[in-house]
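Naming: A, B, ... by sequence-line order, numbering from 1 per chain. Owing to the predicted nature of the structure, the values given are computational and were not obtained by experimental measurement.
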Amino acid sequence: MSVAKTLTSWYSINKRHLPWRETKDPYKIWLSEIILQQTQIKQGLSYYEAFTDKYPTVFDLANATESDVLKLWQGLGYYSRARNLHATAKYIVNNLNGKFPNTYEKLLKLKGIGDYTASAIASICFNEHTAVLDGNVYRFLSRYYGIDTPINTSKGFKIFKALAQDILDKDNPAEHNQAIMDFGSRQCSPTNPDCMFCLFNQTCVAFREDKILKLPQKIKAKKPVNKYFNFLVFVSDSSSTILEKRQENGIWKNLYQFPLIETKKTASLNTFQSALKNNSLTSNLDFKVSLYNEIEIVHKLSHQHLHTKFWIITTKKLPVPGIPIKNIKDYAVPVLIEKFIEEFNF
DNA sequence: AAAACGGGGCA
DNA sequence: TGCCCAGTTTT
């Protein structure tokens, strides 16, 4: 039996029943694919349900504000996905009459849709012969064929994309693509793959040569850089605080946070107080300051470690218009801020 | 071609 | 606690 037929027969028995597998609506498939980028099903499922519940059609999503979309996305990370999702929904409604593009080439032009997502939507919704290449597919192919070209290189992409396209079941690309991803995710998992009960354990190169845990090969990531964040948590007599929207490109763009002072290294009380003297919010303000967390909180992102201190600034009146603390949960904030808000007794 | 972009899960 | 996971856009 061909690799493809073995995969689809495995899938017919082991397929997980998930809400986005009950539909061919390209809007719903698109939504699920964007949510599932860089995200495990267990984490993404509740977000998918929240989004389809609040925005059942592309028109509903297009009519929302970006702030609302980011709020619903809060906690999922990689927030450019949410910004691009919203921008693309508006584009489809305003320029394409709400009709979803129905080919790989046209899908690829949309913001937030790259090779993987265009291939997934085109095959699942429109039966186009476009093989998906995600982390699960990379893993299965590299092991089964014993290919040690690093997957996170342009050369690796070309090799594995051609191979995935070559073995694609042209009679049923929709089932095939979902089968190979599910197989890679569950049977051919990163650690502890279930080789003993694997349909391919007679033919898999990596299993025969005992290279399962050496594949796929990847170029190692750089070490994360350390950053030192000091958040200014204002508390006024009238129970208001200050939240600012992050405008600049970089992490958390368009999310809200407490006013931030970044330092070169961990700030002592003394250095922080002199920083406040030069800060436009506090230079002319009558306030008291105390450090909330004596031990800094280290929030780890894939590419930077944020050493964070929350400083409580108590003042009679805020230096700029603020927001009532009782409304603070209306704003989309990073998980780091969300955890503080939940923990801090305002 | 390489870097930037979050957060959760698991050993 | 340290390491692993991973599509798209930007540089």
Side-chain angles (χ1 to χ4, degrees), chain A residues 29-47 70 73-88 104 107-122 130-142 149-158 160-161 164 177 181 184-186 188-193 212-227 229 246 248-257 295-306 308 332-340:
Chain A
I29 299 298
W30 170 56
L31 196 50
S32 73
E33 293 298 347
I34 301 298
I35 288 172
L36 264 35
Q37 286 171 10
Q38 324 285 4
T39 304
Q40 301 218 321
I41 288 173
K42 192 193 290 184
Q43 191 197 0
L45 182 57
S46 66
Y47 285 85
L70 283 171
W73 197 270
Q74 177 174 307
L76 252 194
Y78 288 120
Y79 296 93
S80 64
R81 290 185 293 170
R83 297 191 302 268
N84 289 334
L85 186 79
H86 182 237
T88 291
Y104 169 87
L107 288 161
L108 197 55
K109 292 185 178 4
L110 301 174
K111 254 189 197 170
I113 296 189
D115 177 79
Y116 165 76
T117 309
S119 301
I121 298 172
T130 48
V132 293
L133 186 53
D134 77 344
N136 300 309
V137 179
Y138 273 123
R139 191 167 52 252
F140 169 68
L141 293 178
S142 68
T149 310
I151 60 173
N152 53 347
T153 59
S154 52
K155 185 181 173 190
F157 174 81
K158 285 177 193 151
F160 285 100
K161 180 76 184 182
N177 275 335
M181 289 191 284
S185 166
R186 303 174 69 203
C188 195
S189 51
T191 57
N192 303 318
I212 284 289
L213 296 182
K214 292 196 175 327
L215 294 172
Q217 287 277 322
K218 278 176 242 178
I219 304 292
K220 272 221 309 214
K222 296 193 326 178
K223 291 239 171 81
V225 297
N226 291 308
K227 293 194 170 185
F229 278 12
R246 291 180 67 94
E248 59 291 346
N249 280 328
I251 58 168
W252 304 330
K253 185 182 179 183
N254 292 2
L255 272 67
Y256 289 83
Q257 66 179 16
I295 300 171
E296 64 185 12
I297 295 162
V298 185
H299 188 69
K300 291 181 178 178
L301 310 181
S302 53
H303 54 297
Q304 45 189 300
H305 289 180
L306 308 177
T308 308
V333 297
V335 164
L336 172 64
I337 304 287
E338 183 189 20
K339 285 181 175 164
F340 169 82

Could you check whether [X] gets within reach of a base, just the sugar-phosphate, or nothing at all, counting any heavy atom under 4.0 Å?
X      : answer
A:N152 : nothing
A:K218 : sugar-phosphate
A:K253 : nothing
A:Q304 : sugar-phosphate
A:T191 : nothing
A:I34  : nothing
A:R139 : sugar-phosphate
A:Y138 : nothing
A:S80  : nothing
A:Y116 : sugar-phosphate

Rounded to the nearest Å, what distance is computed from the [atom1] atom of residue [X] to the [atom2] atom of nucleotide [N]?
X      : N      : atom1 : atom2 : value
A:E248 : B:dC5  : CD    : P     : 10 Å
A:L36  : B:dG8  : CG    : C1'   : 14 Å
A:Q43  : C:dA6  : CD    : P     : 13 Å
A:K223 : B:dA3  : NZ    : C1'   : 17 Å
A:Q40  : C:dC5  : CD    : P     : 11 Å
A:I251 : C:dT10 : CD1   : C1'   : 16 Å

Where each residue is assigned the nucleotide of DNA chain B containing its nearest heavy atom, which of A:N249 and A:Y47 is assigned the position nearer the 5′ end? A:N249
Choose from [options] the nucleotide whose nearest atom is closest to any side-chain atom of [X].
X     : options             : value
A:N84 : B:dG7, C:dT9, B:dG8 : C:dT9
A:K42 : C:dG7, B:dG9, B:dG7 : B:dG9
A:Y78 : C:dC5, C:dT8, C:dA6 : C:dA6
A:Q37 : B:dA4, C:dC5, C:dT8 : C:dT8

Give a yes/no on whether any side-chain N or O of [X] is located under 4.0 angstrom from OP1 or OP2 of [N].
X      : N      : result
A:K222 : B:dA2  : no
A:T39  : C:dA6  : no
A:N192 : B:dA11 : yes
A:K111 : C:dT10 : no

If I take atom CG from residue A:L76 and atom OG1 from residue A:T39, how far apart are they, to the nearest 0.5 angstrom?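 It comes to 5.5 Å.
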Other residues, nucleotides and ligands only: do more than 12 of their heavy atoms fall within 6.0 Å of NZ on A:K253?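 Yes, the 6.0 Å shell around NZ holds more than 12 heavy atoms from other groups.
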Backbone of A:I121 reached by a side-chain donor or acceptor of A:N177 within 3.5 Å: no
Quantified in whole Å, what is the P atom distance between nucleotide B:dA11 and nucleotide C:dA6? 15 Å
